[in-house]
S.K.: 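Before I ask anything, here is the structure I am working with.
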Amino acid sequence: QVQVVESGGGLVQPGGSLRLSCAASGHTFGTYNMGWFRQAPGKEREFVAIITWSGDSTNYADSVKGRFTISRDNAKNTVYLQMNSLKPEDTAVYYCNAVILGRPYWGQGTQVTVSS
């Protein structure tokens with residue numbers, strides 16, 4: 001009923017940049033926050049960033065503050081994560097999340113690998 005699809009992952013060198021996109025479709029009723037999480041092998045999924053419907057409020061994990069920027073385009077039901085100054089420790093599968101009418105929806109994830 002709700003589909004969440006991430007894209008934009010890939011291999012990048014340390015210090016490089018990537019821009020992830022996440023498009024939500026289907027029964028996306030009302031207003032809803034969207035965010036990004038990530039999960040590295042052997043680690044639990046961790047919060048990365050979140051943005052409100054209006055886009056006027058954002059929160060970031062301390063580990064990405066100053067490097068990542070989350071934004072959204074509600075006309076496209078899309079949220080973005082601009083990742084700059086990437087570090088090897090940013091390597092993970094990045095998941096998009098949307099909470100719609102109290103229900104969380106997750107994408108399949110997109111792999112981000114930061115390596116020289």
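Given the structure is predicted, the values throughout are model-derived calculations rather than measurements.
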S.K.: Are any non-hydrogen side-chain atoms of V64 and R67 less than 4.5 angstrom apart?
M.R.: yes
S.K.: Can you tell me how far the CE atom of M34 sits from the CG atom of N97, to the nearest 0.5 Å?
M.R.: 8.0 Å
S.K.: So, applying side-chain hydrogen bond (donor to acceptor under 3.5 Å, both in side chains) with Y94, which one of R38, E6, Q39 is it?
M.R.: R38
S.K.: Going through the distances and angles, do S17 and V12 end up as a side-chain contact (heavy atoms from CB on, under 4.5 Å)?
M.R.: CA-CA 7 Å; S17 298; V12 64; over 6 Å; no
S.K.: How long is the span from the CG atom in N59 to the NZ atom in K65, to the nearest 0.5 Å?
M.R.: 7.5 Å
S.K.: With hydrophobic residues grouped by side-chain heavy-atom distances under 4.5 Å, do V2 and V99 end up in a single group?
M.R.: no
S.K.: Roughly how far, to the nearest 0.5 Å, is OG of S54 from CG of N33?
M.R.: 8.5 Å
S.K.: Going hydrophobic residue to hydrophobic residue with side-chain gaps under 4.5 angstrom, can you get from I51 over to L20?
M.R.: yes
S.K.: If you measure only the distance, is there a donor-acceptor pair under 3.5 Å linking the side chains of Y32 and N74?
M.R.: no
S.K.: Looking at every heavy atom in both G109 and V93, which two are closest together, and how far apart are they?
M.R.: CA-CG1, 3.8 Å
S.K.: Linking I/L/V/M/F/W/Y whenever their side-chain heavy atoms sit closer than 4.5 Å, directly or via other members, would I50 and L101 fall into one cluster?
M.R.: no
S.K.: If you take all heavy atoms of N84 and Q82, which pair is closest and at what distance?
M.R.: OD1-NE2, 3.0 Å
S.K.: Mark yes or no for whether T91, through its side chain, and P88, through its backbone, hold a donor-acceptor pair below 3.5 Å.
M.R.: yes
S.K.: Within the side chain of Y105, is there an N or O that forms a donor-acceptor pair under 3.5 Å with the backbone of T28?
M.R.: no
S.K.: Contact between V4 and Y95 at the side-chain level, heavy atoms closer than 4.5 Å - yes or no?
M.R.: no
S.K.: May I ask you to check whether over 12 heavy atoms, not counting those of E44, lie within 6.0 Å of atom CD?
M.R.: no
S.K.: Could you pull out the closest heavy-atom pair between S21 and T78, with the gap in Å?
M.R.: CB-CG2, 4.5 Å
S.K.: Following the transitive rule for hydrophobic clusters with a side-chain heavy-atom cut-off under 4.5 Å over Ile, Leu, Val, Met, Phe, Trp and Tyr, establish whether F37 and L18 coincide in one cluster.
M.R.: no
S.K.: Could you pull out the closest heavy-atom pair between L81 and A49, with the gap in Å?
M.R.: CD1-CB, 4.2 Å
S.K.: Would you indicate whether Q111, at its atom CD, is surrounded by more than 12 heavy atoms from other residues, nucleotides or ligands within a distance under 6.0 Å?
M.R.: yes
S.K.: Applying a strict under-4.5 Å side-chain criterion to I, L, V, M, F, W and Y, I'd like to know whether Y80 and W36 cluster together.
M.R.: no
S.K.: Which pair of heavy atoms, one from D90 and one from S85, lies closest together, and at what distance?
M.R.: OD2-O, 4.4 Å
S.K.: Does the side chain of S25 reach to within under 4.5 Å of the side chain of N77, using non-hydrogen atoms?
M.R.: no
